[in-house]
Every structure is written in C-alpha cells, then in structure tokens.
Number of protein chains: 2
Amino acid sequence: MRVNRRDKSPASVKGIRGRSLSNPTIARLPIYQRVIEGYSRQGIATIDSSTIATLTGVTATTVRRDLAGMGQLGVRGSGYDVALLRTKIGEALGHDRNYSVVVVGMGNLGQALVNSSNFLIHGAQLTALYDASPSVIGKEIGGQIVRSIDEPILAASVGVITVPAAAAQEVADQLVAAGVKAILNFAPTVVNVPIGVVVHYVDFSIELQILVSHMLHSLNFAGGVLQSLGITASGPSSNVP
Amino acid sequence: MRVNRRDKSPASVKGIRGRSLSNPTIARLPIYQRVIEGYSRQGIATIDSSTIATLTGVTATTVRRDLAGMGQLGVRGSGYDVALLRTKIGEALGHDRNYSVVVVGMGNLGQALVNSSNFLIHGAQLTALYDASPSVIGKEIGGQIVRSIDEPILAASVGVITVPAAAAQEVADQLVAAGVKAILNFAPTVVNVPIGVVVHYVDFSIELQILVSHMLHSLNFAGGVLQSLGITASGPSSNVP
DNA sequence: ATTTGTGAAACCGTTCACAGCA
DNA sequence: TGCTGTGAACGGTTTCACAAAT
C-alpha cells in the first residue's frame with residue numbers, strides 16, 4: 001500500500017532479537033496488527049498469511065517474509081497463532097513500552113489528533129499540550145490543560161508538531177532541547193534536528209498532490225476523458241462538478 | 001518524509017510525454033516544487049540540482065534522474081530554469097488542472113483540512129462538505145454549507161474521507177457512486193473500491209507507530225538507555241516525563 | 001493436504017562515474 | 001569549467017518456486 005517514505009531513518013534496523021526489519025516491513029507491521037487485533041477481538045485463534053494478505057492488500061509471500069523476520073512464528077500447515085503474532089508485532093512496534101508524547105499546536109489539527117481515539121494508542125502517554133495563542137492556553141483539551149509555548153517544554157520521548165510552517169523549526173528546536181528523540185511533523189516544511197533524533201513527516205498537501213497525480217495518470221491511461229469528468233485546464237474558474 | 005506508502009497505485013505511470021515517472025519520483029515532486037516556488041517568489045531565475053538536493057534532503061543525482069523523467073529540462077553548465085521547472089512539475093502533479101474535491105466528515109480533522117491554507121492548493125476546488133451529525137449540518141465551514149450525508153453526494157473528482165473507521169466503507173461507496181476517481185482516506189481502515197479508482201491512505205496512528213518503532217530501534221543501537229529516557233515496560237501506569 | 005520459511009531470480013530504485021553539451 | 005543526462009553497477013525488496021514441517 002504505502003510507498004512514500006519521506007523519512008529520515010536508517011535503511012534497516014535491528015529486530016527484537018538481533019534480526020533485521022527493513023523499513024518497508026516496519027511500515028507494514030501496523031497494518032497487519034490492525035487485522036490481527038480484529039481477529040483477536042473475534043476470538044479467532046489462528047490466521048494464515050494469505051488471509052492477512054487479502055485483508056491488507058499485500059502479497060502472501062511478503063507477509064511471510066515480514067513475519068519471518070521476527071522469528072519462527074508460524075506453524076506449517078495451519079498458520080500463525082493470533083495471540084503470538086499480536087505479541088510479537090507489538091514488541092517490534094514498541095506497543096509494550098510506555099512513552100510520553102507532547103503536542104505543540106492546538107489548532108484544529110492538534111485538537112483532532114488529541115481527541116482521536118485512534119491516535120494515542122499502544123503505550124503512548126499524552127503528557128503535555130502547548131500553543132502560542134492566549135485563546136487556547138489554559139483550556140482543557142483531551143484531559144490536558146494547554147500550556148504556553150513560552151514555558152519550557154517538559155521532557156518527553158516524542159514530540160508532535162502541529163503549528164504553522166513558519167514556527168516549525170523553532171518548535172523543533174524546543175522539542176530537541178527538551179530531550180525529545182522522535183518528532184512527528186505535520187507542518188509543511190523540513191526541520192533540521194541533530195543526529196539521533198528521528199523525524200517523520202506527514203504533509204496533507206503532498207498526499208493530495210500525490211493522489212491527484214496518480215489519478216491524472218491513471219485517467220490518461222483510460223484515454224482522454226478528463227473533460228467529461230469535469231477536470232479542466234486552469235483558467236477562468238470554470239464549473240467543476 | 002513520507003516514507004513509506006500505503007497506496008493502491010500502479011508501480012509507475014506514464015509521464016507527461018510518455019516518459020515514465022516512478023512512484024518515489026511522484027512523491028518527491030511536491031517537495032521539489034515547494035523549494036522551486038520559494039525561488040520563484042524570490043525572483044531567482046535558475047537553480048541547480050545540488051541546491052535542490054540540499055534543500056530537500058535528496059541526493060543531487062536522484063534530483064536529476066527525477067527531473068530527467070519529465071524531459072530535457074536542464075541546461076548543462078548552468079542548471080534549471082526555475083519558471084520552466086515550476087511549469088513542468090506542475091503539469092506532472094496536475095497543478096494546471098482544476099479538479100473538484102468533496103470532504104465527508106466535518107469533525108476536527110475535516111475542519112482542520114478545510115481551514116488549512118496548505119491543503120487545497122494548485123487547482124483543487126472545494127465543492128461540497130458532508131457530515132452525519134445534525135450539530136454541524138447547515139453550518140458554514142470554509143465557505144461551504146455542510147450538507148447531510150443522507151443527501152446524494154455531488155459529482156466530484158476527488159473525495160476525502162474523514163469519518164470514523166466504521167463508516168468509511170459506506171462513505172467510499174457513496175463517493176464511488178458519485179463518480180469520484182480518487183479517494184484520500186484518513187479513516188484507519190482499508191476501503192474496497194472498483195478498479196479505476198485510486199485510494200491513498202493517511203493514518204496518523206500508523207505514522208506514529210512507524211516513528212516510535214524507528215525511535216526504539218535507534219535507541220537500541222545507542223545502548224540500553226530506554227529507562228533513563230522514561231520509556232518503560234508496560235504495566236501499572238508508571239510516571240513518564 | 002496445507003501452509004510456512006527460504007534460496008534464487010527478478011525487479012526496482014539509487015548511486016557511481018563519466019560522456020555530452022553550454 | 002560547470003552542470004546535466006545517463007549507461008552501468010549496486011543494493012535492497014519483492015516475487016517465484018519449492019523444500020520442509022505438521
């Protein structure tokens with residue numbers, strides 16, 4: 001599924017027991033984990049690689065290679081034990097660790113993240129929120145009082161940047177000074193950090209542009225049907241459906 | 001940045017004049033475009049591959065390969081014309097097209113997207129917003145009145161899904177029925193669509209998990225310093241800094 | 001019979017090294 | 001001289017095909 005890797009990470013990292021997990025593998029593990037947790041909730045005891053494959057859009061061979069990288073987990077002839085798989089993938093992803101997360105920038109996006117039941121899971125502990133605007137400082141969001149960005153940032157493992165691009169580098173510097181070892185940056189700009197700090201970028205505009213580019217090229221394959229779909233050359237704002 | 005790619009797309013697509021642009025290349029073009037637009041605004045006429053490289057964190061060779069895929073754009077000895085580059089990358093990304101975007105789900109995230117000055121750029125026309133909740137239906141957000149998801153979805157090129165996972169497949173079906181050719185899905189679930197419809201996934205939780213996994217492995221390399229960083233084994237909610 | 005785990009091959013993208021051109 | 005464009009080498013991931021295990 002995913003291709004992008006706008007990511008400053010080593011090309012591969014050591015797995016739990018010295019085995020090596022490649023970046024593409026690590027990016028797929030959370031997807032596997034989602035379907036495995038679904039099976040676990042339903043009380044299903046085993047799952048095979050081709051089931052995981054069809055449910056995630058990955059090939060069965062790739063699933064087996066990925067899982068083999070974490071040890072001898074499967075049983076030939078029957079498949080993988082759901083509980084064991086969940087444990088092992090969880091270990092690789094750090095689900096068995098507690099780590100602290102601070103979020104800087106309590107606009108719509110910051111609030112969306114903090115309020116989302118999907119974001120802070122698997123050991124992530126939200127420990128502080130920051131914003132520059134007096135209109136939100138002091139308000140309670142997601143069980144935390146929003147602090148002023150002028151206060152020193154509390155020590156944490158992970159920092160999330162949801163401020164405008166112009167402020168992102170300064171916030172990154174503050175996070176690094178606070179000892180953060182990983183930054184998830186939603187601001188549309190590159191931030192510079194010392195080695196030893198991992199930065200991962202999520203940029204909505206870029207995701208949309210990638211999507212549109214794929215759409216246009218796939219429509220080109222289908223023939224010259226752009227006009228009939230309401231996709232028009234730029235100019236005086238034409239009617240778009 | 002994007003590392004990585006949860007993406008249902010052909011492995012490579014035909015470029016503007018029959019040349020082929022790989023998925024990694026397409027993912028990098030918006031990043032190049034961002035620095036090129038900066039140069040354009042400053043009135044700088046030419047830029048060379050190594051400048052683009054240092055400003056984007058990509059190697060100069062990769063920049064040249066990517067750009068060469070769109071034609072003979074550079075001038076040996078001097079570099080690339082900023083205006084030409086902007087035009088050509090814009091064409092590859094569809095910046096010269098107008099396409100319509102509908103957003104389904106006007107919670108925090110949907111509002112964050114619609115209100116962001118960074119999201120809807122380069123030809124994207126927001127044409128309708130939908131939600132299921134009576135508390136937002138009828139309200140104006142980003143210049144649009146929020147419609148009920150029970151109304152038929154208006155024809156559009158791109159659909160953005162920002163609803164809870166449980167509703168995502170149903171919304172995807174509605175979008176497909178409305179003729180949408182590309183879906184940007186923020187819901188943490190896989191959606192099934194007919195061939196010819198492109199789906200691109202953005203999943204905050206997965207991005208965080210990937211980041212944390214990289215962080216943990218990079219810390220493992222650095223030695224057993226997890227404890228001192230406040231990253232602890234799971235158990236009774238211990239104090240995290 | 002069924003499904004894993006894995007050598008070997010195929011594939012893809014990046015980097016090297018340099019030829020080609022202004 | 002300086003920088004692009006690209007053949008060739010390289011490194012890494014995916015896929016194939018099958019042996020191994022239950």
Side-chain angles (χ1 to χ4, degrees), chain A residues 1-15 17 19-29 31-32 36 44-54 56-82 84-85 88, chain B residues 2-13 15 17 19-29 31-32 36 44-54 56-82 84-85 88:
Chain A
M1 291 168 103
R2 157 158 304 207
V3 188
N4 328 338
R5 278 354 198 215
R6 291 181 284 284
D7 184 5
K8 274 188 182 164
S9 319
S12 89
V13 294
K14 287 287 174 180
R17 276 190 315 284
R19 279 161 177 273
S20 140
L21 299 177
S22 72
N23 273 348
T25 296
I26 289 180
R28 283 188 295 266
L29 290 182
I31 311 176
Y32 301 158
I36 288 157
I44 299 171
T46 62
I47 190 169
D48 62 46
S49 61
S50 62
T51 303
I52 298 174
T54 50
T56 59
V58 173
T59 68
T61 306
T62 297
V63 171
R64 290 201 301 276
R65 275 247 186 248
D66 287 341
L67 299 182
M70 299 186 303
Q72 197 95 348
L73 305 182
V75 178
R76 293 171 198 233
S78 70
Y80 298 88
D81 182 84
V82 168
L84 177 65
L85 218 45
K88 289 297 180 180
Chain B
R2 98 115 73 166
V3 163
N4 321 129
R5 289 321 131 342
R6 289 177 286 281
D7 185 6
K8 273 190 181 163
S9 320
S12 89
V13 295
R17 278 188 314 288
R19 278 159 177 278
S20 137
L21 300 176
S22 72
N23 273 347
T25 296
I26 290 181
R28 283 187 295 264
L29 290 182
I31 311 176
Y32 301 158
I36 289 157
I44 299 170
T46 62
I47 191 170
D48 61 43
S49 61
S50 63
T51 304
I52 298 175
T54 50
T56 59
V58 174
T59 69
T61 307
T62 297
V63 171
R64 291 202 301 277
R65 276 251 185 246
D66 287 340
L67 299 182
M70 299 185 303
Q72 198 92 349
L73 304 182
V75 179
R76 291 167 200 240
S78 70
Y80 298 89
D81 182 85
V82 168
L84 177 64
L85 216 47
K88 290 297 181 180

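Excluded from the calculations below are hydrogen atoms, water molecules and symmetry mates; all remaining heavy atoms, backbone and side chain alike, are included. Chain letters run A, B, ... following the sequence lines, proteins first, then strands; residues in each count from 1. Values in this document were obtained by computation on a predicted structure and should not be read as measured data.
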Under 3.5 Å between N/O atoms: give me all the protein pairs with nucleotides 17-21 of chain C, atom names plus distance.
from	atom 1	to	atom 2	distance (Å)
C:dG20	N3	B:R76	NH1	2.9

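The distance from atom CG of B:L73 to atom C1' of C:dA22 is 16 Å, rounded to the nearest whole Å. One interatomic measurement links the two molecules: CG of B:D48 to P of D:dG2, which rounds to 12 Å at whole-angstrom precision. Counting to the nearest Å, the C1' atom of C:dC12 and the CG atom of B:L21 are 15 Å from each other. As a whole-Å value, the separation of A:L29 CG from D:dT13 P is 13 Å. What separates CG of B:N23 from P of C:dC11 is a distance of 18 Å, to the nearest Å. Here the C1' atom of nucleotide D:dT4 and the CG atom of B:D81 are 14 Å apart, to the nearest Å. Straight-line distance from the CG atom of B:L84 to the P atom of D:dT4: 13 Å, rounded to whole Å. Taking atom CD1 of B:I47 as the reference point, atom C1' of D:dG2 lies 16 Å away to the nearest angstrom.
With a 4.5 Å cut-off on side-chain heavy atoms, B:T62 and B:R65 do not count as touching. Contact of the A:Y32 side chain with the A:L85 side chain is not registered, since no non-hydrogen atoms from C-beta on lie closer than 4.5 Å.
Regarding contacts with the backbone of D:dG5, a side-chain N or O of B:Y80 is found under 4.0 angstrom from either OP1 or OP2. Between A:T59 and the phosphate of D:dT15, there is a side-chain N or O to OP1/OP2 separation shorter than 4.0 Å. For D:dT4, one of the phosphate oxygens OP1 or OP2 lies less than 4.0 angstrom from a side-chain nitrogen or oxygen of B:S49. Within the structure, a side-chain polar atom (N or O) of A:T62 is placed less than 4.0 Å from OP1 or OP2 of D:dT15.
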* Intermediate values then yes/no, side chain to side chain contact (heavy atoms under 4.5 Å, CB included), B:T51 and B:D48 -> CA-CA 6 Å; B:T51 304; B:D48 61 43; 2.8 Å; yes
* To do: Output, in order, the C-alpha distance, side-chain angles, deciding distance and verdict of side chain to side chain contact (heavy atoms under 4.5 Å, CB included) for B:R28 and B:T25.
  => CA-CA 5 Å; B:R28 283 187 295 264; B:T25 296; 3.7 Å; yes
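The shortest heavy-atom contact between A:M70 and A:K88 is SD-O, 4.0 Å. Across every non-hydrogen atom of B:D81 and B:L84, the tightest pair is OD2-N, 2.8 Å. Nearest heavy-atom pair across A:S50 and A:A60 is CA-CB, 3.9 Å.
Side chain of B:S22, nearest nucleotide from C:dG13, D:dT13, D:dT4: C:dG13. Residue A:P24 places its side chain closer to D:dT13 than to any other of D:dT13, D:dC3, C:dT14. For B:R65, taking side-chain heavy atoms from C-beta onward, the closest of the listed nucleotides D:dT13, C:dC16, C:dT6 is C:dC16.
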